[in-house]
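Worksheet: the structure to be examined is printed underneath.
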Number of protein chains: 2
Amino acid sequence: MKGYDTMNIYDVSAKAGVSIATVSRVLNGNQSVSAKTRDKVLRVMDELGYTPNVFARGLGLNTMKTIGIMCTDSSDMYIANAIFYLQRELRNNGYDSMLCCTGGNLSSKQQSLELLMSKRVDAIIIVGSKFLSSNPDSDDNRYITDAAASLPIFLINGHLAGHNIYSIICNDYAAVYSVTSEMIKSGRTDIVYLYTSTSHSGLNKLMGYKDALSANDIEVRPNFIHLCTKNIIRAKEYLTHLHDSGEDFDAVITSDDSLAVGAVKYALASRISIPDELSIVGYNDSMLAICTEPEITSIDTRLEELCTTAVDRLMKVFSGSESESGETVIPANLVKRGTTDF
Amino acid sequence: MKGYDTMNIYDVSAKAGVSIATVSRVLNGNQSVSAKTRDKVLRVMDELGYTPNVFARGLGLNTMKTIGIMCTDSSDMYIANAIFYLQRELRNNGYDSMLCCTGGNLSSKQQSLELLMSKRVDAIIIVGSKFLSSNPDSDDNRYITDAAASLPIFLINGHLAGHNIYSIICNDYAAVYSVTSEMIKSGRTDIVYLYTSTSHSGLNKLMGYKDALSANDIEVRPNFIHLCTKNIIRAKEYLTHLHDSGEDFDAVITSDDSLAVGAVKYALASRISIPDELSIVGYNDSMLAICTEPEITSIDTRLEELCTTAVDRLMKVFSGSESESGETVIPANLVKRGTTDF
DNA sequence: TTGTATGCGTTATCAA
DNA sequence: TTGATAACGCATACAA
């Protein structure tokens, strides 16, 4: 007993003694069906275990009520959470989702997008700023703007200009600027910045750090800024190296909790007290932030709001009540824990 | 400029001066087309930017080349990783995936399964033992065995008996039995076991712990076994409580890395040295295991192998070369780190 | 309120 | 090797 049953609208119509048009009307909640007829049809559908065939439906309507979700790597905790929220919200609005994890390779991204489009998804949501090329001059994002001619493209935590392209982003610049300023106000001056990515979002954060220093007349020191891979070990190693080479620093701000964990591990290994001698700030407020002792002060980027907002806007685009492309910005939120004393 | 272009097989046939049947043959790589005709058709397709309509195709073939993936919560790191691997493997085999995160609610699970089936997915992969009801006597898993009448159901890290149901699981019992034995052999006798779930897999692990104790003539003490939610804090609290109530223990084995992190935090807070005074073992070998200082010895459940094996078997089922339902068991692997001294 | 007829874009069967 | 044509299951414009 394999494969789907192949009950169709004709079977229902025959058994119910009505036309297929009437069955179809019942199926689609059309009002102009008498209650009596409707009940009969519904009863027959139930008896027969009938389920409508999505292909036939899609053929006429040319939509599957399905949204494509693309990301580079769904095992990244931040992205995994986004997928969860998006999927839940879409479902609440009667849409399903089809997931594509592409990896970092450009041609693989292009291929995935083509694949989703060949499945006739109704829109595409791209999660994570790393998905996009951060070089605005290159043609590397061209395939996305091209696709936007056919269907709405939403970017969660990413930015791309273009018609039919919608960005929902967290105010990363303001978040880092603000926490850096607070750090300075609390008396720290030698603040290291560790980051993971040169994406649009990554560069915004970095700029927030730099500008906050400048605004307080603190010199921006190149060796206090370091690009790590998203990796606990690398962060720990770099700080150890910095320390061993005689540099003094009393705070570390990071673009990801994993790097902050690395900073904590560096301090523990070097017998440096947290937060007295070293203050540490993470980013994303993930589970990693509460794994260490002390637990890590972290910037909550309000991912859930980003996702619900994206789906809300998408539904508005579908209903025609929103047509303006552009950015929606959501402010971040600082969660204070044991690695800071302000 | 919205919506998909609607080039079809007729446009191609007209422009190429052949029948739609011939176009279809070219599309499907049918051999009985002359090279000359094939080239012409391909050229026209390219010029027109034609892409076949999946709905029309699905209507005839009744398949979308899409696999449904179900889980309770894709933001769980273990599951997020599984989704990543599955999606990659399926893609390599020409299949796409449709994700459904259901939450823990039974009716929501049933609804999701119906939804996936209504989209005519070709098979369903269920990830995580928590998805299933662990009560074999209840009818709570009935909807799954029913669905198996229509399409193959695969379980990653879950078990359910039934025709057309395939389980790919890690040998959790053996893994915990083995690490507990090793712990005992290294001289520990007062071993606490913390676990997160009473799923099939969860109970197997617990049994491994109990049996290892019994095999070494060590008493199984009820208060040394504790069910936490998957939560760092709860684990820490319970151990603190145990310690404060005067119980002596020299090892903690857990069913999840998060609980092991809690154990480490307990030890740090109570100034108990690791691993000298307290030895700790985690489970799943996730990123959490390397967040703490010292890093946590953890059981690698070979999730990637589980996933690739599942997809391999699925493809065999599709090709008809595998028809036997049943379990595939993959052994776990102990990754030794700083929280143990054996 | 209900029914009839047609189109949607393929694949597959049968003839030529 | 090709072409004509019949499914495939549904939605919908138009008739009744």
Not counting sequence neighbours, which residues clear ring pair (Phe, Tyr, Trp, His ring centres under 6.0 Å) with [X]? List them please.
X	result
A/F84	none
B/Y95	B/F318
A/F131	none
B/Y50	none

* What string of B, S and - do you get for nucleotides 6-16 of chain C, 5' to 3', if B is base contact, S is sugar-phosphate-only contact and - is no contact with any protein heavy atom under 4.0 Å? -> --BBBBBB---

Quick one: which residue pairs count as a salt bridge (Lys or Arg N to Asp or Glu O under 4.0 Å) with a foot in [range], not counting sequence neighbours?
range	result
residues 14-31 of chain A	A/K15-A/E47
residues 138-165 of chain B	B/R142-B/D146
residues 157-167 of chain B	none

* For residues 33-44 of chain A, which residues have at least one heavy atom under 4.0 Å from DNA chain D? ->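 Within this stretch, nothing sits under 4.0 Å of the strand.
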
Just list the side-chain donor-acceptor pairs under 3.5 Å for residues 113-121 of chain A, sequence neighbours left out, or say none.
| residue | atom | partner | partner atom | Å |
| --- | --- | --- | --- | --- |
| A/S118 | OG | A/L115 | O | 2.7 |
| A/K119 | NZ | B/M64 | O | 2.7 |
| A/K119 | NZ | B/D96 | OD2 | 2.9 |

* To do: Look at all strands and tell whether B/S32 reaches a base, only sugar-phosphate, or nothing, counting heavy atoms closer than 4.0 Å.
  => base

* Looking for any heavy atom pair under 4.0 Å, which part of the strands does B/V18 touch: base, sugar-phosphate only, or nothing? ->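 Here B/V18 touches the backbone only, sparing every base.
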
* **Integer-rounded Å distance: C/dT1 C1' and A/N30 CG** => 10 Å

* **With B/E89 via salt bridge (charged side-chain N to carboxylate O under 4.0 Å, His left out) - residues at least two apart** =>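 Counting only residues at least two positions away or on another chain, B/E89 forms no salt bridge (charged side-chain N to carboxylate O under 4.0 Å, His left out).
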
* Asked: Angle, rounded to 10°, between the helical axes spanning five pairs at each terminus of the helix from C/dT1-D/dA16 to C/dA16-D/dT1?
  ->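 About 40°, once rounded to a multiple of 10°.
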
* Check whether any side-chain heavy atom of A/I67 lies under 4.5 Å from a side-chain heavy atom of A/M98, and answer yes or no. => no

* Asked: Does a nitrogen or oxygen in the side chain of A/S19 sit under 4.0 Å from OP1 or OP2 of C/dT2?
  -> no

